[in-house]
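There's a structure below that I have some questions on.
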Amino acid sequence: MRSALTALLGREDDLEVSGSSWRAAVGQGSTLRPHVCVVDVECTGAAMLGPVRRATGPAAALLVLATGTRPGLLRRAFDAGALGYVSKDAGAQRLLDGIRKVAAGERFIDESLAFGFLQAAEMPLTSRELSVLRLAAEGATIAEIARNLHLSLGTVRNYMSAITRKTGARNRVDAIRISQHAGWV
């Protein structure tokens, strides 16, 4: 998808385009200093959204490609400072319009993502609970989570209990499944 998107955008006279993987984007963002950084928040490297955002600097506008079916990812992009949001189902002209708007410093939100944003606003978990849940989803034990986040074992257990309750899950595994389906982790 990245190479197709790069080719599509590269045909525009007013755009200079560079495509890279999530890992390479951190290094490229700090050297190229783009005006707009377009990212797919649903691909595997979406956890790199924050580092990519920091590497591109405050001058770069972040535009994300997403679907409204995973509101947690919209929330994560919003928390990372994204200025534009374009549906993956949108046509090429809609994407170009979004890029040009955010390059001019204007917010751009594809109307098809509106319901996803409403759902994202209802996300019940705090940022700390999301941190605990992300580590749990990666298979970390309570002790590993505690060590990684500099928390006590009891505090991690309390967070996991709150996460289970807030997501309506039966147990930790169910909470992870529910949260992954919603796009929160």
Is Met160 reachable from Val173 through a run of I, L, V, M, F, W or Y residues, each pair having side-chain heavy atoms under 4.5 Å apart?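 Cluster IDs for Val173 and Met160 differ.
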Using the rule given for side-chain contact (heavy atoms from CB on, under 4.5 Å), can you reason through Val156 versus Leu149, listing the C-alpha separation, both sets of side-chain angles and the distance that settles it, and then say yes or no? CA-CA 9 Å; Val156 172; Leu149 298 177; 6.0 Å; no
Just to verify, which of Val39, Val38, Leu83 counts as forming a side-chain contact (heavy atoms from CB on, under 4.5 Å) with Leu63?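 Testing Leu63 for a side-chain contact (heavy atoms from CB on, under 4.5 Å) against Val39, Val38, Leu83 leaves exactly one candidate, Val38.
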Over 12 non-hydrogen atoms of neighbours within 6.0 angstrom of CZ in Arg170: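 No.
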Inter- and intrachain pairs under side chain to side chain donor-acceptor pair (under 3.5 Å), touching residues 157-167, at least two apart: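 Pairs touching residues 157-167 that pass the test: Glu129-Lys166.
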If you look at every heavy atom in Asp110 and Ser87, which pair is closest and at what distance?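 Minimum heavy-atom contact is OD2-N, 3.1 Å.
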Atom of Gly98, atom of Val86 and distance for their closest heavy-atom approach: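 That would be CA-CG2, 4.5 Å.
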What residue among Leu95, Asp89, Val41 forms side-chain contact (heavy atoms from CB on, under 4.5 Å) with Leu65?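 Considering Leu95, Asp89, Val41, a side-chain contact (heavy atoms from CB on, under 4.5 Å) with Leu65 is found only for Leu95.
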On a heavy-atom basis, which atom in Ala66 and which in Leu74 lie closest, and how many Å separate them?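 Answer, listing the atom of Ala66 first, then Leu74: CB-CD2, 3.8 Å.
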Show the numbers, then the answer: is there a side-chain contact (heavy atoms from CB on, under 4.5 Å) between Glu138 and Leu135? CA-CA 5 Å; Glu138 292 172 3; Leu135 290 171; 3.8 Å; yes
Let me see the working for Val36 and Leu15 under side-chain contact (heavy atoms from CB on, under 4.5 Å), right down to the final yes or no. CA-CA 10 Å; Val36 177; Leu15 301 179; over 6 Å; no
I'd like to know whether Asn171 forms a side-chain contact (heavy atoms from CB on, under 4.5 Å) with Asp174, so could you lay out the CA-CA distance, the side-chain angles of the two residues, the decisive distance to 0.1 Å, and finally the verdict. CA-CA 5 Å; Asn171 54 41; Asp174 195 31; 3.4 Å; yes
For the residue pair Ser179 and Leu125, what are the closest heavy atoms and their distance?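 For Ser179 and Leu125, the tightest heavy-atom pair comes out as OG-CD1, 4.2 Å.
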